[in-house]
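Atoms within each ligand, like the ligands themselves, are counted from 1 in listed order.
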Amino acid sequence: MTTIATRPKRIRTAVPGPRSQALNAQREEFVSASVSPLLPVYIDRAEGSILTDVDGNEFIDFGCGIGVTSLGHGNEAALGAMLAQSRRFTHTLFTITPYELYVEVARLLTEITPGDFAKKSVLSSTGAEAIENAVKIARAHTRRNGIAVVDHGYHGRTNLTLGMNYKAQPYSAHVGPRPGEIYRIPNSYPFQDGLDGAEAARRGIRQLEKTSGAQNLACLVIEPIQGEGGVVVPAPGYLETLQAWCREHGIVIIADEIQTGLGRTGRLYASEHFGLVPDLVVTAKAIAAGIPVSAVTGRSEIMDAIPAGGLSGTFSGNPVGCAAAVEVIRQLREPGVLERTVEIGERIQAGLRALQAKHAVIGDVRGLGALHGVELVDAAGEPDAAAFARVHREAAARGLLTMAGGSDGHVLRLLPQVNISDELIDEALEILDAAFAAR
Ligand SMILES: *Cc1c(COP(=O)(O)O)cnc(C)c1O
């Protein structure tokens, strides 16, 4: 490893710098305080894995806007596809006058999602919207109301998804009654519960049988690896046991792969790591290189449950977004791409484990591919949110952008480009080492 000193200096000013500070003052005047940036540096441009702010500071992007720009900022082929489509048309509305690209994205999704059965898709714009669609489809198909969700889960900020999220603060406090018929069970959280996966699942199943009853449940909505919840990787057997129980009782399994899908974990979908074959899978974030596109893909007989006109919206399956999606999916299916993400995961994990050996605040290191979490704990082993805040700030001051995670705000979450270079990984790990040492 070379040292930071031999590298070009990424940071030129205080972080945030003077121009960012001026813009931030304007934000406070004109933008609702309900929208608040994690790191108020204002971005001027971005390329590959590097964000450059308005003060000329560079940050290695270990967030990708929460796993959206997974194939790098300024991805030339995706930009080319968007530009070409923008010149042909930017909107017609698929439910008025359709176009081929929407059908093509739907067809590609049937090929890349888990499950060897006839599938169909419906496109929408945001992740939360697609989760709502998936729940509606499952309810219409089963003629049942209940939704099972998991502790530490996150599914969006629309009214239904607020009820499905684990955390009330800041999402759903004081904004009215939360929707009903939502039943929550413990997740599998090996670092915190020490349970084997099947036992953790059986605990949840017993709870659902008491609080809802299997015959009342339309669906189980679950992230195979929880993202916002702190990159919580379930113990082996957890998802398989829940899956077997859902199958037995006709409960639709909805995998929320909004964050974990499309190569993020070294497989096209994280469900594949766990033998999970969801009936419906929700894709969003990384699908269209930053253009809002989301999708529900699943068993054809379930996907047709709602009558014609019952789904979609004005911007659903935007053609420019679909053009990007076709290109993103093409790149992810190129030979060697997923293998490279697996290698990246091994390099990051080895580096983080070396940091764990040096810095006592690191309680747990976990993740797969380009999705990792570092759980920070105090001397008593309790969640240490203050440690996250310091490490995040010290890393930013050295030119590395990291994400927050965990229901207690104490998990450093890393989501780099899924084909980032070894050189940038090593530089990021050195910055993290210095950030941990500085705190
Ligand atoms: C981001 C996210 C959502 C919500 O998607 P939006 O596009 O922000 O509505 C839902 N579930 C998971 C797992 C996510 O990461």
Taking side chain as C-beta onward, heavy atoms only, is Ile182 less than 4.5 Å from Met164?
yes

Heavy-atom check, side chain of His73 versus side chain of Asp61, under 4.5 Å
yes

When you compare the side chains of Thr158 and Glu132, does any donor N or O come within less than 3.5 Å of an acceptor on the partner?
yes

If I apply the N/O under 3.5 Å rule, does Gln259 come out as touching ligand 1?
yes

Which part of Lys285 is near ligand 1, with near meaning a heavy atom under 4.0 Å away: side chain, backbone, both or neither?
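The answer is the side chain of Lys285.
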
Only heavy atoms of [X], strictly under 4.0 Å: list the atoms of ligand 1 that pass.
X      : result
Ala128 : 4 (C), 5 (O), 6 (P), 9 (O)
Glu223 : 13 (C)
His155 : 4 (C), 10 (C), 11 (N)
Thr126 : 7 (O), 9 (O)

Around atom 11 (N) of ligand 1, find the nearest protein heavy atom and jot down its residue, atom name and distance.
Asp256 OD2, 2.7 Å

Please list the nearest protein heavy atom to atom 6 (P) of ligand 1 with its residue and the distance rounded to 0.1 Å.
Gly127 N, 3.5 Å

Is atom 8 (O) of ligand 1 close to the protein, meaning a heavy atom under 4.0 Å from it?
no

Has the side chain of Thr90 got a donor or acceptor atom that lies under 3.5 Å from a matching backbone atom of Ser86?
no

Ligand 1 contact by Ile66, heavy-atom criterion under 4.0 angstrom
no

Can you say whether the rings of [X] and [Y] are parallel (under 30°), tilted (30 to 60°) or perpendicular (over 60°)?
X      : Y      : answer
Tyr171 : Tyr154 : tilted
Tyr99  : Tyr102 : perpendicular
Tyr166 : His152 : tilted

